[in-house]
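Structure record follows, encoded as structure tokens.
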Amino acid sequence: MRLILLGAPGSGKGTQAQKIQENFNLVHISTGEIIRENLKNKTQTGLLAESIINKGDLLPDELVVEMVKDILSKQEVKDNFVLDGFPRTIKQAEALDKITQIDKVIFIDVNFDYTKDRILKRRTCPLCKKTYSDTLVCPNCNVTLIMRSDDNEETINSRFKVYEEQTKPLVNYYKQKNLLYKVDGSKTIEQVYKQIEFILNEGKV
Ligand code: AMP
């Protein structure tokens, strides 16, 4: 199965992608996570990314497309993946169309006030990368959770602006291709996952 998870910052894409990965045996590809690893390891991409991420902007399309193309060329990933945070622009979506076919695009629909609050409470485990909002220590890895440098009020506002202007048009892009499935992202993690599971197991809602 070749999936895309689409949604605003804080809509729960990462959390749901991890559940899909575990239950459907797909490779979870998070471009944000890959970029953050580059940042941590101070690679060329990481050095370029630092100021862009902290401003809430997007990295150049060509760079991110090459990154994803590289991963999708691997035999074990090719037809078995869930993309989280990519594509984020129409240009990226058009480039992806040339690389592979997509089976379903899940759009996690949730409003800004709700997700902003979620992002400000969000903490990530530096080891397993899972996110939590109700604890300061990862229950699986037993290490202190960290806050992302771009999860602050100012950066969140610009990430939302970028989302509205550059990423939201993808909803129509995939609707026109008859690939879009919408879920209500304001529900609990389990309730959102149930909606996704239904779509992946059966048909359109
Ligand atoms: P995320 O973890 O998906 O929220 O991404 C964090 C940040 O990484 C974004 O705000 C962008 O600066 C950058 N990023 C992630 N995915 C992409 C992408 N597909 N295109 C451009 N920049 C990206």
Side-chain angles (χ1 to χ4, degrees), residues 3-18 20-21 27-72 81-100 102 105-108 110 112 114-126 128-133 145-171 173-174 185:
L3 298 180
I4 292 174
L5 281 189
L6 197 60
S11 57
K13 296 187 297 295
T15 303
Q16 296 299 332
Q18 282 196 338
I20 296 169
Q21 166 179 30
V27 179
H28 174 192
I29 305 169
S30 158
T31 43
E33 202 46 64
I34 297 167
I35 295 165
R36 279 188 289 280
E37 277 301 305
N38 274 277
L39 225 141
K40 203 171 89 190
N41 297 325
K42 297 195 176 359
T43 67
Q44 225 182 338
T45 301
L47 294 174
L48 169 86
E50 190 162 15
S51 64
I52 299 178
I53 285 205
N54 289 331
K55 270 194 282 178
D57 285 340
L58 297 181
L59 268 71
D61 288 328
E62 300 73 27
L63 194 151
V64 189
V65 166
E66 275 312 307
M67 207 180 255
V68 171
K69 191 174 178 182
D70 203 43
I71 300 170
L72 294 183
F81 59 83
V82 50
L83 279 168
D84 154 18
F86 182 93
R88 250 181 163 99
T89 64
I90 295 283
K91 270 201 174 161
Q92 292 181 13
E94 287 170 350
L96 182 63
D97 285 343
K98 295 198 181 105
I99 300 170
T100 187
I102 294 297
V105 178
I106 312 277
F107 169 45
I108 307 180
V110 59
F112 175 59
Y114 199 87
T115 52
K116 188 171 175 178
D117 192 51
R118 253 191 209 168
I119 293 174
L120 290 171
K121 287 186 186 144
R122 164 165 89 180
R123 301 284 182 281
T124 310
C125 172
C128 71
K129 312 291 180 198
K130 283 198 173 156
T131 57
Y132 300 90
S133 58
L145 302 175
I146 50 173
M147 196 169 182
R148 277 171 47 172
S149 64
D150 57 345
D151 278 354
N152 61 75
E153 188 128 15
E154 196 185 331
T155 312
I156 293 168
N157 288 336
S158 68
R159 281 160 65 198
F160 268 94
K161 193 162 175 285
V162 167
Y163 170 76
E164 283 295 326
E165 289 171 2
Q166 303 197 51
T167 309
K168 194 111 183 262
L170 291 173
V171 170
Y173 181 87
Y174 287 115

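Source: prediction; values computed, not measured. Order of listing sets the numbers, starting from 1, for every ligand and every atom in it.
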Sub-3.5 Å N/O-N/O distance, [X] and ligand 1:
{"X": "R88", "answer": "yes"}
{"X": "T31", "answer": "yes"}
{"X": "Q92", "answer": "yes"}

Mind checking whether K13 has a heavy atom under 4.0 Å from ligand 1? no

Should [X] and [Y] count as an ion pair when the cut-off is N to O under 4.0 Å?
{"X": "E164", "Y": "K161", "result": "no"}
{"X": "R159", "Y": "D151", "result": "yes"}
{"X": "K91", "Y": "E62", "result": "no"}

Heavy atoms from other residues, nucleotides or ligands near CD of E154 exceed 12 (cutoff 6.0 Å):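 It does not: E154 CD has 12 such atoms or fewer within range.
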
Sub-4.5 Å side-chain heavy-atom contact between I53 and T155: no

Ligand-residue contact atoms, ligand 1 with R36, heavy atoms, under 4.0 Å: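 That gives atoms 2 (O), 6 (C) of ligand 1.
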
Can L96 and L72 be said to form a side-chain contact (heavy atoms from CB on, under 4.5 Å), step by step? CA-CA 10 Å; L96 182 63; L72 294 183; 3.9 Å; yes

Using heavy-atom distances, let me know which of L58, L59, D57 sits nearest atom 12 (O) of ligand 1. D57

Out of V65, I52, I53, who gets a non-hydrogen atom closest to atom 8 (O) of ligand 1?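 It is I53 whose heavy atom sits nearest to atom 8 (O) of ligand 1.
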
For ligand 1, does K91 get within less than 4.0 Å through its side chain, its backbone, both, or neither, judged by non-hydrogen atoms? neither

